2 protein chains.
Amino acid sequence: MRISELVERTGVPLATLKFYLREGLLPAGEATSATRAEYGEAHVRRIAVIRALTETVGLSVQKAREVLQLMDRPEDDLFETLGKAIAALPPSVTPEAAEDYPRAREVLEKLGQVYDPRFAAVAQLELALAAAESAGIPLDDRRLAVYGPNIRAIAEFDVGSIPREATAAVEYAVLGTAVHEPVLIALRRLAHQDVAARRLGQGSAKAGAPTRPRPKGR
Amino acid sequence: MRISELVERTGVPLATLKFYLREGLLPAGEATSATRAEYGEAHVRRIAVIRALTETVGLSVQKAREVLQLMDRPEDDLFETLGKAIAALPPSVTPEAAEDYPRAREVLEKLGQVYDPRFAAVAQLELALAAAESAGIPLDDRRLAVYGPNIRAIAEFDVGSIPREATAAVEYAVLGTAVHEPVLIALRRLAHQDVAARRLGQGSAKAGAPTRPRPKGR
DNA sequence: TGGGGTTGGATAGCCATGGTATCCAATATT
DNA sequence: AATATTGGATACCATGGCTATCCAACCCCA
C-alpha cells in the first residue's frame, strides 16, 4: 500500500509519519521508484506499537527508538536485551556503576530477591522509594508485605506467558512489560474507588456519587 | 528561614523556587518587609512533594498545581476530591461525558466492580486496554484473572491505611496513590527479572549476568 | 503524450514546557 | 555608609514533538 493508505488505516497524519520515518522509528517502505514506496501490514502494526509506546507508555521519541531497535535486533542475551529495554522506560534513570541504592537493596533483601546495582530497575526503585519517603509516605514493612507477593504473582504470570520462540519472546516481553503497566495502574486506581466505596459505605452520598451503580443508561 | 536557606535545605536552585512561587505551586513566605519573607518547615516539605509529583510521578507543572490545590483545600466529598486528583494523574485523560468505554466496562464487569464512565480512571483504563490491544497483547481473561485479585489486594491495603482524619486523609490518599505507583512498577520490573532468572535457569550466563548474586562487594 | 494528483525528501517553522538569567530597587546587616 | 540579600518582574533559552511548505520526480489515466 502507499503511504496515503497508511495514513487512512492508522489515523496518523502524513506529516507525523514522515517524522517517524525521519526519526528512524518507522522503517522505510520498499521503494518501487523514486517517488513511490510500498508499505505493508507490518508498517501498520509498527505504527500502533509506536503510538502505544509514545502516547500510552509515555516514552520520548528517542527512547521509543531504542526500545524498537532492541525489538528489531535483540542481542544474544534475552536478559540483557530486556534489561536495556527497561532502562529506556520511564522514569528513565541511568544507573551509575559503583553507585549504591540502599533503599532498594533493603527492599529486595526483604523480598529475597537479588540486588544488582547495575540494573536500571534498581535505580528506578531507589528513586521511587526516595520520593515516597520525602513525600512523607515511606514504604513500610507492612505495605511491602502486601505489595511484594501480589506483584510477584503478577510477574510470575507475565513471565509464564512469554512465548518460547526467541525472537518473538523479546518483542513480547518488552511490549508486555511496558504496555501492561498503564493497565495495572488504572486497575489500582479503580480498585481504590471501589474498595473505598464499599468500606466507607458509599460515603457522603453526593449528587450521583460516582461510586454507586446507576440504573442503566449512559 | 529565608529563601536562601530553602535553597540549601532542598537543593533546588533559587531560580527554580522563584519559578514555583510564580506558578503557584509553592505558597509565598510570610513577608516581614518589602524585601524579606519568612519560610518554614511546611515549605521544605512542600518542595519535596512538588519534586515527587513532577519528577517521580511525572506530572506537568500545571497538573501538579491542580493536585496540590486539591490537597490544600479538599472539597466536601472525599471521593470527588480523589477522583479529581486521579484525573490529573498521567496519562491525563478527560473523560467525555456521554462517552462509552467498552473495553473498560467489560473488564470492570468481570471484576464485579462498578462501571461509571464519568470516572477519569475508567477512561485511562480504556486507553491502556486499547493500546495493549493494538500493540498485539490484549488483556485476556487469564491475565485479568491474575491481575484483578492481586491488584485488588493491594488496593485493599492502600485504602485501609488511609488515616481517618478528614484533611489528612485527602493528602494521604492522593499522595499515596501517586507516589506508590512508580514503586509498584519498579517492583514488577524487578520481579520479572527475578522470576525469569529462576525459571530459565540463570539463562545464558553472560559476563556477570545481572541475574546472579555476586559475592558481596558493590 | 500530457497533465493532474501523489510521492519522497529536505528544510523551516511553531508552540508548549520548564526552567535560567538578568535587572532593579528596597532593604538588612555590619 | 557600604555591602549583600531579597522579592519581584521580565526576558531569554533549549528541548521536544510535531506541522507546514517546497520541490521535483514520478505515476496513471485519458
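Numbered from 1 within each chain, the chains take letters A, B, ... in sequence-line order. Nothing here was measured: the structure is a model prediction, and the numbers come from that model.
Residue pairs meeting the ring-ring contact (aromatic ring centres under 6.0 Å, His included) criterion with at least one member in residues 28-61 of chain B, sequence neighbours excluded: B/Tyr39-B/His43.
With sequence neighbours left out, A/Arg45 forms a salt bridge (charged side-chain N to carboxylate O under 4.0 Å, His left out) with A/Glu171. Taking the salt bridge (charged side-chain N to carboxylate O under 4.0 Å, His left out) definition, one finds that B/Glu38 meets it with nothing, sequence neighbours left out. Checked against ring-ring contact (aromatic ring centres under 6.0 Å, His included), A/His180 has the following partners two or more places apart in sequence or in another chain: B/Tyr147. B/Tyr172 is linked by a ring-ring contact (aromatic ring centres under 6.0 Å, His included) to nothing, counting only residues two or more places apart in sequence or in another chain. Contacts of B/Arg36 classified as salt bridge (charged side-chain N to carboxylate O under 4.0 Å, His left out), with partners at least two apart in sequence or in another chain: none. For the salt bridge (charged side-chain N to carboxylate O under 4.0 Å, His left out) test, no residue two or more places apart in sequence or in another chain qualifies with B/Glu5.
Interatomic distance, CD1 of A/Ile86 versus CD1 of B/Ile185, reported as 11.0 Å (0.5 Å rounding). Note that the CZ atom of A/Arg103 and the CG atom of A/Leu125 stand 10.5 Å from one another [nearest 0.5 Å].
In summary, B/Glu80 and B/Lys84 do not engage in a salt bridge, as defined by a charged side-chain N under 4.0 Å from a carboxylate O.
With a heavy-atom cut-off of 4.0 Å to chain B, the contacted part of DNA chain C has its first and last nucleotide at C/dG18 to C/dA28.
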**Asked** Given B/Lys110 and B/Glu106, is the salt bridge (charged side-chain N to carboxylate O under 4.0 Å, His left out) satisfied, shown in steps?
**Response** CA-CA 6 Å; B/Lys110 282 178 189 159; B/Glu106 198 190 329; 2.8 Å; yes
**Prompt:** Step by step, would you call B/Arg2 with B/Glu8 a salt bridge (charged side-chain N to carboxylate O under 4.0 Å, His left out)?
**Reply:** CA-CA 10 Å; B/Arg2 286 164 295 160; B/Glu8 277 174 36; over 6 Å; no
**Prompt:** Stepwise, does the salt bridge (charged side-chain N to carboxylate O under 4.0 Å, His left out) test hold for B/Glu181 with A/Arg189?
**Reply:** CA-CA 10 Å; B/Glu181 284 175 2; A/Arg189 291 178 189 172; 2.7 Å; yes
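Put simply, the residue from B/Arg51, B/Arg65, B/Arg46 that forms a side-chain hydrogen bond (donor to acceptor under 3.5 Å, both in side chains) with B/Tyr20 is B/Arg51.
Computed from coordinates, the B/Leu21 CG to D/dT10 C1' distance equals 16 Å when rounded to whole Å.
Nucleotides of DNA chain C nearest to A/Ser4 and B/Ala15 differ in position, and the one nearer the 5' end is that of A/Ser4. Heavy-atom nearest nucleotides on DNA chain D were determined for A/Tyr20 and for B/Leu14, and the one closer to the 5' end corresponds to B/Leu14.
With a 6.0 Å radius and a threshold of 12 heavy atoms from other residues, nucleotides or ligands, B/Glu30 has its CD atom at or below the threshold.
Residue contacts shown for B/Ala37 are limited to sugar-phosphate atoms, with no base heavy atom under 4.0 Å away. Note on B/Arg22: a base of the nucleic acid sits closer than 4.0 angstrom, heavy atoms only. Looking at heavy-atom distances under 4.0 Å, A/Ala28 makes no contact with the nucleic acid at all.
Of all the heavy atoms in B/Leu21 and B/Pro27, the pair that sits closest is CD2-O, 3.6 Å.
Across residues 40-58 of chain A, not one residue has a non-hydrogen atom less than 4.0 Å from an atom of DNA chain D.
Overall, the helix from C/dT1-D/dA30 to C/dT30-D/dA1 carries an axis bend of 10° between its ends, with five pairs at each end and the value rounded to 10°.
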Sub-3.5 Å pairs of nitrogen or oxygen atoms, protein against nucleotides 26-30 of chain D:
from	atom 1	to	atom 2	distance (Å)
D/dC26	O3'	A/Ser33	OG	3.4
D/dC27	OP1	A/Ser33	OG	3.4

Under 3.5 Å, which N/O atoms of the protein pair with N/O atoms of nucleotides 12-17 of chain D?
from	atom 1	to	atom 2	distance (Å)
D/dG17	OP2	A/Val61	N	3.3

